[in-house]
Amino acid sequence: MDKKIQYLGANKYRYGLERRNQKAQGKIAELEFVKDFQQDVIADMELITGVDMLELDVRKTKDGQLILMHDQTIDRTTNGSGKVEDLTWEYIQTLHLKDGIGHTTAHKIPTLEEALMVAKGKILVNLDKSYNIFEECFAIAEKTGTTRQVVIKGAIPYKQVKKEFGHYLDKVFFMPIVRTSKPEAEQMVEAYLNEEVPVAFEFTVPDDSVSLVAKFPEIRKKGASVWVNSLWPQHNSGHDDEKANLDPRVYDWFINNHVDMIQTDRPQLLLQYLRKRGLHN
């Protein structure tokens, strides 16, 4: 873990993780559903500036190609149809992505390798939906020289992660997902803190009665960042991006509860809010 922290501190693009004991807040844009950008488009990765991390949803085609695709099927986001796992890369290359209102664009479905090359040396990437195919994802990260930018998450207890994923723990960043409404949530956090402190925990907070929220300052003191999504109300006790779009002060909830990593669908709105408060550069 010390090597990871040293690496983060040496690279300005690791802002969201590196500054966990300072006043700054990290911000993660979810590429698949960023409101201001088209879905799964490589060109748009270069347009999203100021964020510390991008979420990339990874799926594998029938013939083993790793591509970016949020859904199990390509029906909603492309001019084709079918499940990714049933389609060949040759067929997928003939398709085009749709924009937010369903019009076909000139953009193609990108591969994971293409996305990592764009991100290389610039930004952390959270490879969502990748746990079961991570060996193949890691091979691409090694090929592109981006292993130290890769984040993977899972709602998995420490012992299981150590058994299934242990040989990757010193190569990429693993962040546990903690669903705070679950009775075993606090025990899960304690197990990680006692065995191997992660760079961050992702918490889902359905309402303010969750006792773990009061422990966020203590968790940060022990060296882990606190990540909460602003995407939908069930993640953040009702303090979501759509409410913040009407009144950015909705984001006060995250600051007041010592959250220092925020995943958002409204990157520019959140950046503006944080910068006005001196919480992001």
Side-chain angles (χ1 to χ4, degrees), residues 16-17 19-30 32-33 35 52-53 55 126 128-129 131 151-161 173-267 269-274 276-277 279-280:
L17 295 181
R19 297 205 178 186
R20 57 186 166 204
N21 290 322
Q22 301 179 36
K23 67 178 181 178
Q25 309 290 78
K27 194 171 120 348
I28 303 98
E30 184 178 14
E32 307 306 331
F33 287 115
K35 298 292 188 290
D52 308 296
M53 189 187 306
E55 177 179 296
N126 168 28
D128 198 26
K129 303 176 176 68
Y131 193 92
V151 174
I152 183 171
K153 301 181 298 179
I156 303 168
Y158 174 77
K159 288 184 179 180
Q160 182 180 345
V161 169
F173 302 104
F174 180 82
M175 299 184 190
I177 298 173
V178 181
R179 297 186 172 96
T180 59
S181 60
K182 299 280 188 179
E184 66 273 14
E186 292 197 29
Q187 183 180 354
M188 180 177 175
V189 171
E190 286 302 316
Y192 276 98
L193 292 177
N194 291 335
E195 297 290 344
E196 188 166 357
V197 179
V199 289
F201 290 95
E202 177 184 324
F203 293 97
T204 59
V205 184
D207 59 70
D208 285 326
S209 67
V210 172
S211 59
L212 257 174
V213 173
K215 296 184 178 181
F216 285 175
E218 179 185 345
I219 290 169
R220 289 185 60 185
K221 285 180 181 179
K222 291 183 177 181
S225 280
V226 173
W227 168 328
V228 177
N229 292 341
S230 60
L231 307 178
W232 304 294
Q234 64 266 31
H235 291 301
N236 45 58
S237 188
H239 301 84
D240 60 285
D241 285 328
E242 297 313 303
K243 290 187 179 70
N245 196 40
L246 299 175
D247 182 359
R249 290 175 296 180
V250 166
Y251 290 134
D252 288 349
W253 180 88
F254 295 87
I255 311 306
N256 295 338
N257 283 298
H258 305 275
V259 174
D260 61 332
M261 297 182 71
I262 304 170
Q263 182 172 9
T264 181
D265 276 348
R266 299 281 186 178
L269 177 68
L270 180 53
L271 272 173
Q272 184 179 36
Y273 165 85
L274 293 173
K276 281 184 177 179
R277 287 154 181 78
L279 297 174
H280 201 287

When you look at N194 and E190, which way does the side-chain contact (heavy atoms from CB on, under 4.5 Å) test go after all the steps? CA-CA 6 Å; N194 291 335; E190 286 302 316; 4.2 Å; yes
Nearest 0.5 Å please: distance from the NZ atom of K276 over to the CG atom of L271. 12.5 Å
We want to know whether N236 and S230 form a side-chain donor-acceptor pair, criterion being a heavy-atom distance below 3.5 angstrom. no
Side chains of T264 and F254: closer than 4.5 Å at any heavy-atom pair? no
So, Y273 side chain and D252 main chain: donor-acceptor pair closer than 3.5 Å or not? yes
Please name the pair of heavy atoms, one in D128 and one in E55, separated by the smallest distance, quoted to 0.1 Å. OD2-OE2, 3.4 Å
Show the numbers, then the answer: is there a side-chain contact (heavy atoms from CB on, under 4.5 Å) between L270 and H280? CA-CA 10 Å; L270 180 53; H280 201 287; over 6 Å; no
Exactly one candidate in N257, V259, V226 meets side chain to side chain contact (heavy atoms under 4.5 Å, CB included) with V213; the answer is N257
Using the six-membered ring wherever Trp is involved, compare the ring planes of Y192 and F174 and label them parallel, tilted or perpendicular (cut-offs 30° and 60°). parallel
Quick one: do M261 and M175 satisfy side-chain contact (heavy atoms from CB on, under 4.5 Å)? Show the steps, please. CA-CA 12 Å; M261 297 182 71; M175 299 184 190; 4.2 Å; yes
Let me confirm one number: the OG1-CZ distance from T180 to F201, rounded to the nearest 0.5 Å. 13.0 Å
Interatomic distance, CG@L231 vs CD1@I262, rounded to 0.5 Å, equals 11.0 Å
How long is the straight-line distance from CE of M53 back to CH2 of W227, given to the nearest 0.5 Å? 4.5 Å
Does the side chain of M188 come within less than 4.5 Å of L212's, by heavy atoms? no
For K243 versus G238, what's the shortest heavy-atom pair and its separation? CD-O, 3.1 Å
Can you confirm whether K182 sits close enough to T204 that some side-chain heavy atom of one is under 4.5 Å from a side-chain heavy atom of the other? no
Could you give the distance from CD (E202) to CG (N126), rounded to the nearest 0.5 Å? 8.0 Å
Nearest heavy-atom approach of A214 to P217 is O-CD, 3.5 Å
F216 versus V205: any side-chain heavy-atom pair under 4.5 Å? yes
Would you check if the side chain of D241 reaches a backbone N or O of D265 as a donor-acceptor pair within less than 3.5 Å? yes
Do the non-hydrogen side-chain atoms of L269 and Y251 ever get within less than 4.5 Å of each other? yes
CD1 of I156 to CD1 of I177, rounded to nearest 0.5 Å, is 8.0 Å
Between I219 and H258, is there a side-chain heavy-atom distance shorter than 4.5 Å? no
Minimum heavy-atom distance between E196 and Y158, given as atom pair plus value: OE1-OH, 3.5 Å
Does the S237 side chain pair with the main chain of D208, one donor and one acceptor, at a distance under 3.5 Å? yes
Looking at side-chain heavy atoms only, is the closest gap between P248 and Q272 below 4.5 Å? no
Just checking Q187: does its CD atom have more than 12 heavy atoms from other residues, nucleotides or ligands closer to it than 6.0 angstrom? no
Closest approach of P176 to A200 (non-hydrogen atoms, all atoms of both residues): CD-O, 3.2 Å
So do the side chains of F203 and V210 get within less than 4.5 Å of each other, counting heavy atoms only? no
Can you name the nearest heavy-atom pair linking L193 to V197, along with the distance? O-CG2, 3.6 Å
